[in-house]
Amino acid sequence: MNDFIVDDIGALLGDTVSISEDDIRKNLELPKVREHGDFAFPTFFLARIMRMAPPKIAQEIYSRIADKLPFGCIESAEAAGGYINFKVSPQILSQKLLAEIYSEGEGYGFTNEGDGRNLTIDLSSPNIAKPFHVGHLRSTVVGSCLYRLFEKLGYNCIGINHLGDWGTQFGKLIVAYKKFGTEKLFEKEPIYALLDLYIRFHKEAAADPSLEDQAREEFKKLEQGDPEATEIWKRFYEYSLEEYKRIYSILNATIDEYTGESFYNDKMDDALELLERKGLTEISRDALIVNLEEYGLGAALLKKSDEATLYLTRDLAAILYRKNTYDFAKMLYVVGSAQALHFKQLFKIIELLGYEWHTDCHHIEFGWIKFGKEMMSTREGNIVFLNDVINRARELAKEIILEKNPDIEDAERAALHIGVGAVIYADLAVRRNHDINFSWEDALNFDGNTGPYLQYTHARLASLERKFEKEVTADIDFALLKEPEEKQLMLTLYRFPQKLKQAAEDYEPAVICGYLYELSQNLNSFYQKHRVITEDTALTNARMLLMRCVRTVMKEGLKILGLEPMERM
RNA sequence: GCCCCCGUAGCUCAUCCGGACAGAGCAUCUGCCUUCUAAGCAGAGGGUAGCAGGUUCGAGUCCUGCCGGGGGUACCA
């Protein structure tokens with residue numbers, strides 16, 4: 001990665017300040033106001049060491065570097081209040097930066113920190129037999145985004161869908177199916193038939209509590225391998241998976257493995273045995289637990305008093321299986337923050353087992369998606385299906401396309417990409433720890449800070465290259481890129497590697513969203529004010545190189561988010 | 001009760017691990033399409049950053065308390 005601007009400032013100040021170049025770099029910041037320059041170095045923290053007022057220090061330092069300027073890519077500097085502000089030379093900036101982006105292409109900004117090691121991501125994980133709703137969206141799109149990001153950082157990612165495909169809810173469904181189900185129900189959209197059965201069950205069970213017992217009984221039969229129950233379960237499983245796979249393909253979800261809870265049924269005994277051998281378990285109130293009181297994590301339940309296992313037991317079996325199978329360098333669980341304690345317990349147990357790799361496991365938590373003031377609940381039927389959201393977004397996008405660009409060749413396809421782009425972006429752009437209020441207005445908005453705006457920006461750039469017709473080359477006169485809008489674009493491009501790094505460190509897709517939005521704003525401001533393709537071939541060539549570099553970054557960024565970089569729209 | 005998260009413009013969100021007058025979008029209002037895509041651009045209005053203290057040269061950002069919302073807290077996931 002290239003940090004040449006920051007390096008130059010470090011070298012420039014190195015002799016004049018009694019702190020290390022590393023500390024200089026760490027303190028550099030971006031001024032909020034453009035007039036203050038491109039980079040700023042605050043001197044306040046030196047006041048105590050140098051026993052001087054910050055403005056004096058700034059003056060003092062400035063006077064010592066003044067005759068060295070210009071220095072590297074630093075064109076000028078000035079002391080302003082307690083700051084020293086630096087301006088970067090657009091010519092040197094373009095020369096170094098654009099050449100680098102041009103030659104590195106889609107690799108620009110990425111390091112190879114993963115070095116081919118495995119990284120497993122637990123994502124999506126819906127409960128089988130329930131239609132995919134917007135509440136499932138975040139885990140799916142955040143997980144997929146991190147998957148692509150870490151792939152580009154050299155990891156070999158494995159996306160694991162830990163399906164909720166086991167448990168008493170299947171007993172309920174089987175009871176409901178036997179009592180109220182007909183084959184006709186399943187002829188089309190079987191997943192909604194399953195939902196109806198589920199809702200019906202809860203309605204009937206309110207009047208007749210004995211249904212709950214029947215459900216437990218049916219689930220018990222399923223666990224014991226009863227052929228009829230197994231047959232029904234399998235059908236439901238297939239129906240659900242078919243629907244999920246359809247949705248995953250639309251969302252660009254990255255799933256390699258469908259190993260749900262049922263997959264770990266026969267692997268829990270080994271895990272439990274391991275814990276018992278290490279003396280971690282105890283019996284408390286007739287249940288099998290790991291006592292984590294001394295770590296402030298309460299009691300972790302592994303077996304209920306009736307011997308039944310719990311999801312912690314399955315997750316424990318799963319994490320051991322995954323470590324054993326993949327020997328992962330990192331394991332990410334993209335799961336809502338409601339399960340924070342659960343994962344703290346899980347990771348603590350791994351630590352108590354003596355495994356160092358407990359530090360490689362991370363719970364990537366995120367807030368709820370709410371609808372109106374209510375939590376979404378399948379039972380209550382207070383729910384927005386992802387299918388409906390995607391369909392409405394797609395229809396709206398199609399209307400707009402036909403109005404704005406009626407000649408486009410495949411309007412259906414473009415509409416889907418734009419509609420889905422809006423939906424995905426709306427979810428990724430909010431930092432993970434916030435709850436999201438689902439609103440149709442926001443999900444279907446294509447203006448301003450939205451997915452389609454970014455896609456539109458890319459389409460403009462693609463259009464320029466089509467119009468240009470010639471090969472974009474890096475053999476240009478860099479001195480021609482001297483407009484403030486051009487410099488701003490380059491300064492933003494320069495920061496792409498840092499943003500990727502931050503996004504990866506924080507496991508935070510919103511960092512990339514915010515960055516691409518800013519880059520798009522820069523591009524559109526430039527585009528409005530200046531023409532790219534003109535009679536002036538030298539200037540045209542220079543600007544086309546800049547456009548290519550912006551497009552390279554936009555394209556890679558969009559792909560990481562899971563949005564289609566549109567060629568036309 | 002205890003633990004965790006959130007509280008910034010009418011609404012939805014940023015604020016670069018403490019820095020210069022807190023920035024965008026949506027909505028409202030005003031301009032800009034015979035020239036590379038107007039899903040765009042330029043501009044206007046709109047703020048006591050929940051409240052009160054504290055640390056600091058400096059706090060939306062860190063600490064304490066309170067208020068409001070959400071989640072978790074042993075046999076759901």
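Here is the naming used below: chain letters follow the sequence lines, and residue numbers restart at 1 for every chain.
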With under 30° as parallel and over 60° as perpendicular, where do the rings of A:Phe343 and A:His363 fit, or are they tilted in between?
-> tilted
B:A74 base / A:Ser284 side chain donor-acceptor hit below 3.5 Å | yes
So [X], base contact, sugar-phosphate only, or nothing? Heavy-atom distance under 4.0 Å.
X	result
A:Ala459	base
A:Leu310	sugar-phosphate
A:Ser525	sugar-phosphate
A:Glu567	base
A:Glu261	sugar-phosphate
A:Arg48	sugar-phosphate
A:Arg432	nothing
A:His363	nothing

Between [atom2] of [N] and [atom1] of [X], the distance in whole Å:
X	N	atom1	atom2	answer
A:His342	B:G71	NE2	C1'	16 Å
A:His136	B:A77	NE2	C1'	11 Å
A:Phe44	B:A59	CZ	C1'	14 Å
A:Glu535	B:U35	CD	P	16 Å
A:Arg431	B:U12	CZ	C1'	16 Å
A:Lys344	B:G71	NZ	P	17 Å
A:Lys529	B:G40	NZ	P	20 Å
A:Leu316	B:A77	CG	P	14 Å

Taking only the side-chain heavy atoms of [X] (C-beta and beyond), determine which of [options] contains the nearest atom.
X	options	result
A:Leu301	B:A74, B:C41, B:U56	B:A74
A:Tyr453	B:U37, B:G40, B:A74	B:G40
A:Asn437	B:U37, B:A77, B:U12	B:U12
A:Trp368	B:C6, B:G71, B:U73	B:G71
A:Arg531	B:C36, B:C57, B:U37	B:C36
A:Val532	B:G72, B:C36, B:U37	B:C36
A:His434	B:A77, B:A14, B:U56	B:A14
A:Tyr527	B:A38, B:A74, B:U73	B:A38

Could I get the full list of side-chain contact (heavy atoms from CB on, under 4.5 Å) partners for [X], not counting sequence neighbours?
X	value
A:Pro55	A:Ala53
A:Leu28	A:Val6, A:Ile9, A:Phe41
A:His342	A:Tyr311, A:Leu312, A:Asp315, A:Gln339

Whole-angstrom distance between [N] and [M], as gauged at atom [atom1]:
N	M	atom1	result
B:U73	B:G10	C1'	37 Å
B:C13	B:G54	P	32 Å
B:C11	B:C36	C1'	36 Å
B:G46	B:G1	C1'	43 Å
B:A24	B:G40	C1'	16 Å
B:A42	B:C26	P	12 Å

Looking at residues at least two apart in the chain, or sitting in another chain, which of them share a salt bridge (Lys or Arg N to Asp or Glu O under 4.0 Å) with A:Lys348?
->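 Only A:Glu351 meet the salt bridge (Lys or Arg N to Asp or Glu O under 4.0 Å) criterion with A:Lys348.
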Contacts of type ring pair (Phe, Tyr, Trp, His ring centres under 6.0 Å), residue [X], not counting sequence neighbours:
X	value
A:Tyr515	A:Phe496
A:Tyr425	none
A:Phe236	A:Tyr177

Pairs under 3.5 Å (N/O, protein and nucleotides 20-29 of chain B):
| unit_1 | atom_1 | unit_2 | atom_2 | d |
| --- | --- | --- | --- | --- |
| B:A20 | OP1 | A:Lys32 | NZ | 3.3 |
| B:A20 | OP2 | A:Lys32 | NZ | 2.8 |
| B:A20 | N6 | A:Asn85 | OD1 | 2.7 |
| B:A20 | N1 | A:Asn85 | OD1 | 3.3 |
| B:A20 | N1 | A:Asn85 | ND2 | 3.2 |
| B:A24 | O2' | A:Tyr517 | OH | 2.8 |
| B:G25 | O2' | A:Asn449 | N | 3.3 |

Determine whether the aromatic ring centres of A:Tyr237 and A:Trp233 lie less than 6.0 Å apart.
->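 They qualify: ring centres under 6.0 Å apart.
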Neighbours of RNA chain B within residues 160-170 of chain A, by heavy-atom distance under 4.0 Å = none
Using the ring of A:Phe263 (Phe, Tyr or Trp, six-membered ring only), decide whether A:Lys267 places NZ or CZ under 6.0 Å from its centre and within 45 degrees of its axis.
->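 Cation-pi check for A:Lys267 and A:Phe263: passes.
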chi for B:C33 classified (syn = within 90 degrees of 0, anti otherwise) as syn
Counting N and O atoms only, with roles assigned by atom type, does the side chain of A:Arg466 sit under 3.5 Å from a partner on the main chain of A:Glu567, one being a donor and the other an acceptor?
-> yes
Can you pull the salt bridge (charged side-chain N to carboxylate O under 4.0 Å, His left out) pairs that have at least one residue in residues 47-61 of chain A, sequence neighbours excluded?
->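 For residues 47-61 of chain A, and leaving out neighbouring residues, the salt bridge (charged side-chain N to carboxylate O under 4.0 Å, His left out) pairs sorted by first residue read A:Glu60-A:Arg64.
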If a pair satisfies salt bridge (charged side-chain N to carboxylate O under 4.0 Å, His left out) and one of its residues is in residues 444-465 of chain A, list it, with sequence neighbours excluded.
->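 Every salt bridge (charged side-chain N to carboxylate O under 4.0 Å, His left out) pair that includes a residue of residues 444-465 of chain A, provided the two are not neighbours, is A:Glu465-A:Arg548, A:Glu465-A:Arg551.
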Residue pair A:Asn433/A:Val430 against RNA chain B: nearer the 5' end by closest nucleotide is A:Asn433
Between A:Phe526 and A:Phe45, the residue closer to the 5' end of RNA chain B by nearest nucleotide is A:Phe45
Which pair of heavy atoms, one from A:Met544 and one from A:Ile533, lies closest together, and at what distance?
-> SD-CG1, 4.3 Å
Name all stems that contain residues of RNA chain B, defined as runs of 3 or more consecutive Watson-Crick or G-U wobble pairs, both distances under 3.5 Å.
-> B:1-7 with B:67-73, B:10-13 with B:23-26, B:28-32 with B:40-44, B:50-54 with B:62-66
Have a look at A:His162 and tell me which of A:Tyr333, A:Tyr258, A:Tyr264 forms a ring pair (Phe, Tyr, Trp, His ring centres under 6.0 Å) with it.
-> A:Tyr264
